[in-house]
Amino acid sequence: MAVHKKVNFLGFLLVFGLMFFLVSATIDHDQDHNHDYDTKPCTRECGNFSYGICPRSEGSPKNPICTTCCAGYKGCNYYSADGTLICEGKSDPRKPNEHCPRDCDRKIAYSKCSRSERKTIIKPTGCTTCCTGYKGCYYFGKDNKFVCEGESIEPKACTQECDPKVAYMTCPTSGSTKLTRICVNCCTAKPGCKLYSYHGTLICIGNPKNH
């Protein structure tokens, strides 16, 4: 009987160990799959967008803007001419408040935001997708319906440093020739030059005027 119980106990440990191994392997596989999904590079195809709306800084103490806290966009701070914070905007760029008063708030002189308040037409050279579009920028289709918010983080400033993600680029002046061993980034690339990653993914199209 003692031998029988011992065999049963060892069998239980074997089954339990096998179950634990299978569960652990499944979790690791799911985590690896999710990690690969999260780091999947953006595709090169352009999104079917009509325009994007992205808040940006406007006005100055000498040339004040005409807006209100109600009409101002969320994520934008509005200041008086002496630099006093008046408020943060309350309007969502995806669906601006229509009930806001049209009169200018004379206390507001300027705003500090990251991007443009107006509709920005996305031209062929401005090819983008939900993946490559910047966070805080809202993209709309030709029917004016909201499509998505950008997922990429916008560079804080334009620098002269090499972008290590760039493997090669092609420029209109060089035809289809791949230019390698280059020290360039999206800011320093000449207009029209396309920058690609080591995976062949389009990173950006050079257009210094937009930076």
Please test Cys130 against Glu151 for side chain to side chain contact (heavy atoms under 4.5 Å, CB included), starting from the C-alpha separation and ending with a verdict.
CA-CA 6 Å; Cys130 294; Glu151 299 173 10; 4.2 Å; yes

Evaluate Cys70 against His99 for side chain to side chain contact (heavy atoms under 4.5 Å, CB included), listing each step before the verdict.
CA-CA 9 Å; Cys70 177; His99 64 276; 4.2 Å; yes

Could you check Phe49 against Val147 for side chain to side chain contact (heavy atoms under 4.5 Å, CB included), going step by step and ending with a plain yes or no?
CA-CA 8 Å; Phe49 301 143; Val147 177; 3.6 Å; yes

For Ile65 and Ser111, what are the C-alpha separation, side-chain angles and deciding distance, and is it a side chain to side chain contact (heavy atoms under 4.5 Å, CB included)?
CA-CA 8 Å; Ile65 56 177; Ser111 66; 4.2 Å; yes

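Note that CD1 of Ile205 is 9.5 Å distant from CG of Leu195, once rounded to the nearest 0.5 Å. Distance CG/Asn77 to CD1/Ile108: 11.0 Å, rounded to 0.5 Å. The CD atom of Glu98 lies 9.5 Å from the OG atom of Ser91; values are rounded to the nearest 0.5 Å. With rounding to the nearest 0.5 angstrom, the OH atom of Tyr51 is 13.5 Å from the OH atom of Tyr138. Taking NZ of Lys165 as the reference point, atom SG of Cys204 lies at 8.5 Å (rounded to 0.5 Å). For the atom pair OG1 (Thr68) and CG (Asp103), the distance works out to 9.0 Å, reported to the nearest 0.5 Å.
The two residues Gly72 and Tyr78 make their nearest non-hydrogen contact at CA-OH, 3.1 Å. Of all heavy-atom pairs between Ala109 and Ala81, the closest is CB-N, 3.5 Å. Scanning both residues, Tyr110 and Gly83, for their nearest heavy atoms gives OH-CA, 3.4 Å. Closest non-hydrogen pair, Gly141 versus Ser50, comes out as O-CB, 3.4 Å. Nearest heavy-atom pair, Ile86 versus Cys69, reported as atom, atom and distance to 0.1 Å: CG2-SG, 4.0 Å. Residue Lys90 comes nearest to Lys74 through the heavy atom pair O-CE, 3.4 Å, listed as atom of the first residue, atom of the second, then distance.
A cation-pi arrangement is present between Lys112 and Tyr79 under the rule of less than 6.0 angstrom and at most 45 degrees off the ring axis.
With hydrogens and angles ignored, the 3.5 Å screen pairs no side-chain donor or acceptor of Thr180 with any backbone N or O of Tyr168. At least one donor-acceptor pair closer than 3.5 Å links the side chain of Ser197 to the backbone N or O of Thr201.
Taking the side chain as every heavy atom from C-beta outward, Val184 and Val166 approach each other to under 4.5 Å. With a 4.5 Å cut-off on side-chain heavy atoms, Cys76 and Glu88 do not count as touching. Contact of the Cys183 side chain with the Glu161 side chain is not registered, since no non-hydrogen atoms from C-beta on lie closer than 4.5 Å. Side-chain atoms of Tyr134 and Thr128, non-hydrogen and from C-beta on, never get closer than 4.5 Å to each other. For the pair Leu179/Cys171, a side-chain contact is recorded, criterion being any heavy-atom separation below 4.5 Å from C-beta on. Looking at Cys193 and Thr170, their side chains never come closer than 4.5 Å, going by heavy atoms from C-beta outward.
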